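First up is the structure itself, then whatever we jot down about it.
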Amino acid sequence: MKTKIAMIQMDIAFGDPSANRNAAEAKIKEAADQGSTLILLPELWTTGYDLTRLGEIAEDLEGPTHQLLKKLARDNRVTIAGSIAERDKESFYNTMVAYNEHGERVLNYRKVHLFRLMDEEKYLESGDTQGNFHLHNIPLAGAICYDIRFPEWMRTEMLDGARGLLVVAEWPKPRVDHWRSLLISRAIENQCFVMACNRSGSDPNNTFGGHSLIIDPWGTIVAEGGLGEEIVYGDVDFSEVEAIRKQIPIFQDRRPDLYQ
Ligand SMILES: O=C(O)CCC(=O)C(=O)O
């Protein structure tokens, strides 16, 4: 059975959650009208990297963005995922959430690897738990941007049987070749679908690379965006994962007695 995935490769208004919510709402409705089951938004899609203003613009997990996602997921019978600047008491996190078609939050993953090149470690705390959840009965794992440079972490998440890796990002344009190569590698080595949503446009410090990707467990590109704003669609059949894992049984052949 095919599952339609939509990745909302949007530009992000710097530090303006209300403008970004309005833009995303229209795009989520459009993707849902196209029959999508899973809709991905980029990393920090309500605020961008306006980290010095997190005190004003980050929200707790019951904040207005979460209320909107809950409602849009329920009303349109879709699962929606993306990362949002989270405030938890005095601390801030880059947190990927997913809301299922009942409006339930099924994922709450705090970015584990903070990216120094964008000063994340100065303003954010890192997470320390995995981001596994189910889309209907399909086990998936979440990751945020820089996390994909850590194959050991991605493998840790995949050891629970995940068949797909969802990635949300604000990946800069000068390193878009790394983005593509790293994502293709994560798909091949974990024999899983990779569904990766990047932003487009620029902020005061960076221009971002777009090129949202859906990659199958053989490493073949199913769908790829360009540089600008668009919704990238692809149909995936998660049963392909099982067939490939039978053909080349890397999860069986691993040697955890020699490495983790
Ligand atoms: O690793 C990279 O080159 C980009 C990472 C990044 O932009 C991020 O984690 O926000």
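We count ligands from 1, going down the list as the structure has it; atoms in each ligand are counted the same way. Bear in mind that the values here come from a model prediction, so they are computed numbers and not experimental data.
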Next item on the list: Starting from atom 1 (O) of ligand 1, locate the nearest protein heavy atom and write down its residue, its atom name and how far away it is, to 0.1 Å.
Entry: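 For atom 1 (O) of ligand 1, the nearest protein heavy atom is R149 NE, 2.7 Å.
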Atoms in ligand 1 flagged as close to [X], the criterion being non-hydrogen separation under 4.0 Å:
X	result
E170	7 (O)
R175	2 (C), 3 (O), 4 (C)
E43	10 (O)
K111	8 (C), 9 (O), 10 (O)

Notebook entry, point to check: So which of P174, G209, C145, S83 gets nearest to atom 6 (C) of ligand 1, if we judge by its closest heavy atom?
Noted result: C145
Mark yes or no for whether [X], through its side chain, and [Y], through its backbone, hold a donor-acceptor pair below 3.5 Å.
X	Y	value
R53	G15	yes
E43	E170	yes
T95	R110	no
R199	F208	no

Side chains of residues 132-147: which donor-acceptor pairs under 3.5 Å do they make with residues two or more places apart or in other chains?
from: N132; atom 1: OD1; to: Q130; atom 2: NE2; distance (Å): 2.7
from: N132; atom 1: ND2; to: E157; atom 2: O; distance (Å): 3.1
from: D147; atom 1: OD1; to: H113; atom 2: N; distance (Å): 3.2
from: D147; atom 1: OD1; to: H113; atom 2: ND1; distance (Å): 2.7
from: D147; atom 1: OD2; to: Y109; atom 2: OH; distance (Å): 2.7
from: D147; atom 1: OD2; to: I144; atom 2: N; distance (Å): 3.0

Margin query: My understanding is that only one of L61, V168, L41, L69 makes a side-chain contact (heavy atoms from CB on, under 4.5 Å) with I84; could you say which?
Written below: L69
Please classify the [X] to ligand 1 contact at 4.0 Å (heavy-atom distances, strictly less than): side chain, backbone, both or neither.
X	value
Y146	both
H113	neither
H178	neither
P172	side chain

Margin query: So, using ring-ring contact (aromatic ring centres under 6.0 Å, His included) as the criterion, who are the partners of W171 when residues are at least two apart?
Written below: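 Expected list: W179.
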Note to self: Considering both backbone and side-chain atoms of E120, is one of its nitrogen or oxygen atoms within less than 3.5 Å of a nitrogen or oxygen in ligand 1?
What the structure shows: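 N/O-N/O distance below 3.5 Å does not exist for this pair.
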Notebook entry, point to check: Can you find a non-hydrogen atom of Y49 under 4.0 Å from ligand 1?
Noted result: yes
Note to self: Hydrogens and angles aside, do T65 and R21 bring a side-chain donor and acceptor to less than 3.5 Å of each other?
What the structure shows: yes
